[in-house]
Number of protein chains: 2
Amino acid sequence: MFSEILSHIRRFVPLDPEEEALLASLLEVREVKKKEHLLQAGEICKANYFVAKGCFRLYLITTKGAEQVIQFGIEDWWITDYAGLKSGKPSGFYVQAVEPSTVVVLNKEAEEVLFEKIPQLERYFRQVLERAYSAQLTRIHYVFNLTGEEQYKMMRDKYPDFVQRVPQYMLASFLGITPEFLSMLRAKKD
Amino acid sequence: MFSEILSHIRRFVPLDPEEEALLASLLEVREVKKKEHLLQAGEICKANYFVAKGCFRLYLITTKGAEQVIQFGIEDWWITDYAGLKSGKPSGFYVQAVEPSTVVVLNKEAEEVLFEKIPQLERYFRQVLERAYSAQLTRIHYVFNLTGEEQYKMMRDKYPDFVQRVPQYMLASFLGITPEFLSMLRAKKD
DNA sequence: CAAAAAACTTAAAGTAGTTTAAGAAAGACT
DNA sequence: AGTCTTTCTTAAACTACTTTAAGTTTTTTG
């Protein structure tokens, strides 16, 4: 069950067999039921999660009481509240399984040991985060420069499977539009 | 002139004197005039830039021909097109000085050498990127859940100096509203 | 497999922000 | 110091999207 994460890491940095064994000994595989939370607002975030199988959403409850989806995480993505993990303060985020999923758990304590014994892992995460950060800047660009309709069409054309995979109200929230408006967009044949 | 960057790095990881000397030998200080570009769309991005003094904006030209400010970088921030730096493909972004500035240039080749000789630097950038990524997720949240007016007031109250520092049309673009609308918001006394 | 809960649809009225256009003020260069 | 360029302002007409409300379909669960 570690094969997914090990091969992902190997795409960025080399790993020798002892390192792989150490990883396997300190990482933890966890099955997560649909709608189960890995993190809830108010809790202390204690781990980073690698999605080996399934789909998660990172969301928060706005001051108006609505759920706002900030980020989705599917296979080969890491998902967590990095700020909360670092600060040790109660998180403002929820991380929830959108479908039955499997994650590899990297606990904060394990992380410290692993970074010390396998310095290459710092390199791996640096690169993973460079990508993630770039992706967010690109997203900001789309949010400001595409209408809701254009964004939806782009998602639908670029990630047709993903659009089918998550409930429409979550996708609407992620795109920053109401579920009613997304429903209307879908009804319209272009 | 390296003191700013060295003390920033030391806030995250320890550095011994030889490492500091190596850094000083491979980093480059560069004065940048107001409106001068460190990167233009179509060029290959060759470096990451640490803002020692001054202010930059990362922007792009939209399909409609308008400038869209994606990110500002002030003192102690790194600014670059990480995706372009990694891929080696022509960038879609511009990085321009908003005011007379001083940057420390970390060239791609120097980066490779430094990461190899000072593994702690990977750790430094991992942490810098964790912050930057978190900040972008928080920003996405604000973009979706605050009106333009609320966002402007938050900026004004939280970063009063910064709001004075950049031209209003750039701030408007960063906030995702038109300069005309921002002007109207400012005129309104609350 | 029935009942309840969750997710999706439709449509009308309302609003936050854009667009356009023109003028005023501030900054920069010779 | 004066001209040219850049930045900021004002206001009216317009639009992409929200809100509200009610009904329909799909999924989950005992």
Side-chain angles (χ1 to χ4, degrees), chain A residues 32-37 55 57 59 61-69 72 94 96-101 140 142-156 162-190, chain B residues 33-37 55 57 59 61-69 72 94 96-100 140 142-156 162-190:
Chain A
V32 192
K33 287 191 193 124
K34 183 170 174 174
K35 298 207 178 174
E36 190 179 338
H37 284 92
C55 178
R57 60 169 177 155
Y59 69 97
I61 306 290
T62 69
T63 46
K64 284 151 202 149
E67 287 179 0
Q68 172 65 55
V69 177
F72 286 110
Y94 298 79
Q96 186 193 42
V98 174
E99 57 188 59
S101 304
I140 296 264
Y142 289 139
V143 166
F144 285 149
N145 294 293
L146 300 183
T147 62
E149 181 165 9
E150 290 167 330
Q151 278 190 79
Y152 167 66
K153 283 184 183 165
M154 205 189 63
M155 279 295 270
R156 189 198 53 186
F162 183 74
V163 167
Q164 302 293 3
R165 199 167 169 182
V166 301
Q168 249 169 69
Y169 74 95
M170 289 188 194
L171 185 63
S173 174
F174 178 74
L175 294 177
I177 59 180
T178 58
E180 292 85 354
F181 187 55
L182 179 54
S183 178
M184 207 211 73
L185 291 179
R186 281 176 52 93
K188 243 198 326 195
K189 46 182 137 175
D190 31 19
Chain B
K33 290 191 189 122
K34 182 170 174 176
K35 298 208 179 171
E36 191 180 336
H37 284 93
C55 178
R57 61 169 176 154
Y59 69 97
I61 306 291
T62 68
T63 45
K64 283 151 202 149
E67 287 178 1
Q68 172 64 56
V69 177
F72 286 110
Y94 297 80
Q96 185 193 41
V98 174
E99 57 188 59
I140 296 266
Y142 289 140
V143 166
F144 285 148
N145 294 292
L146 300 182
T147 63
E149 180 163 10
E150 289 167 330
Q151 278 190 77
Y152 167 66
K153 283 184 182 164
M154 206 189 64
M155 279 296 270
R156 190 197 52 188
F162 182 74
V163 167
Q164 302 294 2
R165 200 167 168 182
V166 301
Q168 253 170 64
Y169 73 95
M170 288 188 196
L171 185 62
S173 174
F174 179 74
L175 294 177
I177 58 180
T178 58
E180 292 84 357
F181 187 56
L182 179 54
S183 178
M184 207 211 73
L185 291 178
R186 281 175 52 95
K188 255 209 304 205
K189 47 181 141 182
D190 30 20

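What's counted below: heavy atoms across the whole structure, side chains too, no hydrogens, waters or symmetry copies.
- Between B/F174 and B/F72, the ring-plane angle classifies as tilted under the 30° and 60° cut-offs.
- Contact between the side-chain N/O atoms of B/K34 and the OP1/OP2 oxygens of C/dA28 is found at a separation under 4.0 Å.
- Rounding to whole angstrom units, CG of residue A/L182 and C1' of D/dA16 are separated by 15 Å.
- Between the CE atom of B/M184 and the P atom of D/dT7 there is a distance of 22 Å, rounded to whole Å.
- The distance from atom CD of B/Q151 to atom C1' of C/dA16 is 13 Å, rounded to the nearest whole Å.
- In this structure, CD1 of B/I177 is placed 8 Å from P of C/dG17, rounded to the nearest angstrom.
- Closest-nucleotide positions on DNA chain C for A/P179 and B/L146 were compared, and the one nearer the 5' end corresponds to A/P179.
- C/dT10 atom C1' lies 15 Å from atom NZ of A/K188, rounded to whole Å.
- Side chain of B/T147, nearest nucleotide from C/dT10, C/dA16, D/dC8: C/dA16.
- Between B/T178 and C/dT18 there is a side-chain polar atom (N or O) within less than 4.0 angstrom of OP1 or OP2.
- Nearest-nucleotide mapping onto DNA chain D: of A/G148 and A/E180, the residue sitting toward the 5' end is A/G148.
- Note on B/Y169: only backbone sugar-phosphate atoms sit closer than 4.0 angstrom, heavy atoms only; bases stay farther off.
- B/K64 comes within 4.0 angstrom of no nucleic acid atom, judged by non-hydrogen atoms across all strands.
- Atom C1' of nucleotide D/dT18 and atom CZ of A/F181 are separated by 9 Å, given to the nearest angstrom.
- When the C1' atom of C/dC29 is taken as reference, atom NZ of B/K35 falls 12 Å away, rounded to whole Å.
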- [ ] Please lay out, stage by stage, how A/Y152 and A/V163 fare under the test side-chain contact (heavy atoms from CB on, under 4.5 Å).
- [x] CA-CA 9 Å; A/Y152 167 66; A/V163 167; 4.2 Å; yes
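- How far CG of B/L185 is from CD of B/E180: 11.5 Å, rounded to the nearest 0.5 Å.
- Considering only heavy atoms from C-beta on, A/V98 stays 4.5 Å or farther from A/K34 through its side chain.
- The shortest side-chain heavy-atom distance between B/K153 and B/R156 falls under the 4.5 Å cut-off.
- A/L185 places its CG atom 14 Å from the P atom of C/dC8, with the value rounded to the nearest Å.
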